[in-house]
Structures are given as structure tokens and as C-alpha cells.
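So the structure is just underneath, and the comments pick up after that.
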Amino acid sequence: LYLYGVIFVEMVTALMLDHMTLRKFHPFRNTLFPVFILYSIVDLKVVPMEQISLYILVCTSGISSLLMKKTKTVIEEICNALGIWVFDIVTPHPNSEKKSK
């Protein structure tokens, strides 16, 4: 459930970002490959269930890390572009001081 939740959040975040930047959204993403592999592993019954649980844990951790890094980068880029802090618009941003000089 966590794996599908993380993939859903990543796709929705990408959809919103693509909409805001007027880019085309591509629904088939690299983060969907673990689901396709998981489906084929379970369907063919190639490995025991303990290894499938470990596979799901590793995929969920990896995609979660990717999502956190992506979110942090997007927030930093938006703050730098607008010259503001995320939760404190009153305090001057270092990049906004450089631009005004």
C-alpha cells in the first residue's frame, strides 16, 4: 500500500508541476517499473514471499527518497526564483538582496 501511495504522490506532484509549467505530462514514468516487475514476479511465482516483501520495502524506500529529494529541489528552485523563503515571506531572501544591488 505504501508503494502505491508513494507512486501516486510522485505522479500527482509531477502532474501539478507539469500543469503549472505548461509541459506535457507523461503518465508512464520510471517509478512504475517496480510495479511491473512486482506483478511479473508474483504472477510467475519465481521467488518466495519473504523476498517479495523485501523487494517492496526497497522499492518503497527508494521511491520515497526520490520524492523527498525532488520536492526539496522544487521548493528551493521556486524560492530562489521568487526571492522568498518558504514559510517566511517577510524576511529577505539572500538571492533577492543580490538582485537589488
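Residues: numbered from 1 along the sequence shown. The analysis underlying the following values was restricted to heavy atoms, covering all of them including side chains, and did not include hydrogens, waters or symmetry mates.
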Rounded to the nearest 0.5 Å, what's the gap from SG on Cys59 to CD1 on Ile7? Could you check?
-> 8.0 Å
Roughly how far apart are Glu77 CD and Lys72 NZ, rounded to 0.5 Å?
-> 10.5 Å
Look at atom CG of Leu1 and say whether more than 12 heavy atoms of other residues, nucleotides or ligands are closer to it than 6.0 Å.
-> no
Looking at side-chain heavy atoms only, is the closest gap between Leu32 and Met11 below 4.5 Å?
-> yes
Verify same cluster id: Ile56, Ile37 (apolar side-chain graph, 4.5 Å) | yes
Val58 reachable from Val47 in the ILVMFWY side-chain graph, under 4.5 Å edges = no
Pairwise distance CG(Leu57) to CD1(Ile52) - rounded to 0.5 angstrom | 14.0 Å
If two hydrophobic side chains count as joined below 4.5 Å and joins carry through other members, does Met20 share a cluster with Val74?
-> no
What heavy-atom pair brings Thr31 and Glu10 nearest, and what distance separates the two atoms?
-> OG1-OE1, 3.2 Å
Do Thr21 and Arg23 have side-chain N/O donor and acceptor atoms under 3.5 Å apart?
-> yes
Rounding to 0.5 Å, atoms CZ (Phe28) and CZ (Phe33) come to a distance of 10.0 Å
Quick check: does any side chain N or O of Tyr55 sit under 3.5 Å from a backbone N or O of Pro34, one acting as donor and the other as acceptor?
-> yes
Flag side-chain contact, heavy atom, 4.5 Å: Leu17 against Thr13 = no
Check whether Leu67 and Tyr2 end up in the same hydrophobic cluster, where Ile, Leu, Val, Met, Phe, Trp and Tyr are linked by side-chain heavy atoms less than 4.5 Å apart.
-> no
Mind checking the CD1-CD spacing from Ile41 to Gln51? Nearest 0.5 Å is all I need.
-> 9.0 Å
Between Val35 and Tyr39, is there a shared hydrophobic cluster once you connect ILVMFWY residues whose side-chain heavy atoms come closer than 4.5 Å?
-> no
